[in-house]
Amino acid sequence: MRTELISVIMPAYNAADYLAESIDSVLSQEGVDVELIVVDDGSIDATPSIAQSYGEKLIFRSIAHVGLDATRNVAIKMATGKYLAFCDSDDLYVPGSLAMRLHALTVDPAIDAVYGAARQFYSPEIAEELGREVRIPQEIVAVEQANSLLLERSKFLEIGLFGNWGVGGGVDWTLRSQEVGLRSVMLDDVVFDRRIHRNNNGRTQKLAQTPRLHILKAALDRRRQQGPAT
């Protein structure tokens, strides 16, 4: 394990339209040592060939289709870095994203994990059309989710891998981390730009209601099993 290496996890499923931009945004991070792991989740488009075209600049693996959370878990098990971060195959790290999070994490030994803010943008090729259908916040949004997270890999594994919630594993993981007292800080800085397009996971898999309720119920059940705080 290289002591300052950051393993960036990028699951990809039929991501050919945006994958190269996402990969470039990670590989162009300055001031940090990056191990980018791209795992193709059984894509039927050009996703594998695009990832493989980067050669030894990244680590690539292709698997049968298992879903976002399980694909992330496959990549996590391949990681060798001391630190762990995540970037979806349609999102973009801003310049300096990893360096600012790593600095915040290492400058304060009382902190276990660092989150940052996000901006959302309409994918340029359909921005006008999508803008009539989907309203997105214009302001910067603080988000406790995988794509804004950086922490030591060992700390992540103490909480455990993502659960099999489809695209809800990040929410479940964050709740579990809070239950065990993971000490996190939220940066005011933007660390990634979230692309809004027609095939976003949250839009196509309709995460918003029922799965979230199941995740929250599971968290409530865990707290009940633990009993009242003493």
Side-chain angles (χ1 to χ4, degrees), residues 6-29 34 36-54 57-63 65-76 84-95 97-98 101 115-131 133-138 140-141 143-150 162 165-171 173 190-208 211:
I6 302 174
S7 296
V8 178
I9 305 304
M10 183 177 289
Y13 176 64
N14 290 341
D17 289 343
Y18 311 120
L19 180 60
E21 287 183 76
S22 298
I23 289 173
D24 290 342
S25 77
V26 175
L27 295 181
S28 64
Q29 293 290 304
V34 175
L36 176 57
I37 303 171
V38 179
V39 175
D40 170 54
D41 184 25
S43 297
I44 58 174
D45 65 359
T47 293
S49 60
I50 292 171
Q52 289 173 310
S53 72
Y54 283 83
K57 293 180 181 179
L58 55 79
I59 299 169
F60 174 76
R61 181 176 175 185
S62 187
I63 61 174
H65 184 57
V66 292
L68 175 65
D69 294 333
T71 303
R72 279 176 171 166
N73 289 340
V74 169
I76 291 166
L84 203 61
F86 300 85
C87 184
D88 285 349
S89 56
D90 50 1
D91 293 337
L92 304 172
Y93 275 178
V94 303
S97 173
L98 291 176
R101 282 183 278 170
Y115 292 95
R119 290 178 301 218
Q120 299 191 82
F121 71 101
Y122 297 111
S123 199
E125 78 281 3
I126 50 174
E128 183 176 350
E129 180 183 354
L130 270 182
E133 301 174 12
V134 182
R135 295 290 183 184
I136 60 175
Q138 296 304 306
I140 293 169
V141 180
V143 287
E144 286 187 326
Q145 66 177 63
N147 285 351
S148 68
L149 172 66
L150 186 139
F162 292 110
W165 295 101
V167 293
V171 175
W173 188 92
V190 173
V191 298
F192 81 99
D193 290 325
R194 180 173 185 259
R195 183 191 301 270
I196 303 301
H197 56 92
R198 292 209 170 277
N199 296 314
N200 289 107
N201 283 317
R203 286 163 55 81
T204 59
Q205 300 190 30
K206 302 185 184 302
L207 172 66

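Please read all numbers here as calculations on a predicted model, not as lab measurements.
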Determine the minimum heavy-atom distance between [X] and [Y], stating which atoms define it.
| X | Y | answer |
| --- | --- | --- |
| T47 | A16 | OG1-N, 3.2 Å |
| D69 | G170 | OD1-N, 4.4 Å |
| S25 | S28 | O-OG, 3.4 Å |
| V143 | Y115 | O-CD2, 3.8 Å |
| D91 | C87 | O-SG, 3.8 Å |

| request: Would you give the length of the straight line joining atom OG1 of T71 to atom CD1 of I9, rounded to the nearest 0.5 angstrom? | output: 11.5 Å
| note | The reported gap from OG in S53 to CG in L58 (rounded to nearest 0.5 angstrom) is 8.0 Å
If you define the side chain from C-beta out and look only at heavy atoms, does anything of [X] sit under 4.5 Å from [Y]?
| X | Y | answer |
| --- | --- | --- |
| P48 | S43 | yes |
| D41 | I63 | yes |
| I50 | Y18 | no |
| P11 | V39 | no |
| Y13 | L68 | no |
| R101 | V191 | yes |
| Y54 | I23 | yes |

| note | The salt bridge (Lys or Arg N to Asp or Glu O under 4.0 Å) partners of D45 (sequence neighbours excluded) come to none
| What residues form a side-chain hydrogen bond (donor to acceptor under 3.5 Å, both in side chains) with S89, not counting sequence neighbours? | none
| note | By side-chain hydrogen bond (donor to acceptor under 3.5 Å, both in side chains), E144 pairs with (sequence neighbours left out) Q178
| Residues two or more places apart in sequence or in another chain: which of them pass side chain to side chain contact (heavy atoms under 4.5 Å, CB included) with D193? | L92, V94, R119, F121, V190
| task | Apply side chain to side chain contact (heavy atoms under 4.5 Å, CB included) to A51 and list each qualifying residue two or more places apart in sequence or on a separate chain. | result | L19, V38, F60
| query | Step by step, would you call D88 with R72 a salt bridge (Lys or Arg N to Asp or Glu O under 4.0 Å)? | reply | CA-CA 10 Å; D88 285 349; R72 279 176 171 166; 3.1 Å; yes
| field | Contacts of F192 that satisfy ring-ring contact (aromatic ring centres under 6.0 Å, His included) - sequence neighbours left out | value | none
| request: Decide side-chain contact (heavy atoms from CB on, under 4.5 Å) for V26 and M10; before the verdict, give the C-alpha distance in whole Å, the side-chain angles of both, and the deciding distance to 0.1 Å. | output: CA-CA 10 Å; V26 175; M10 183 177 289; 4.0 Å; yes
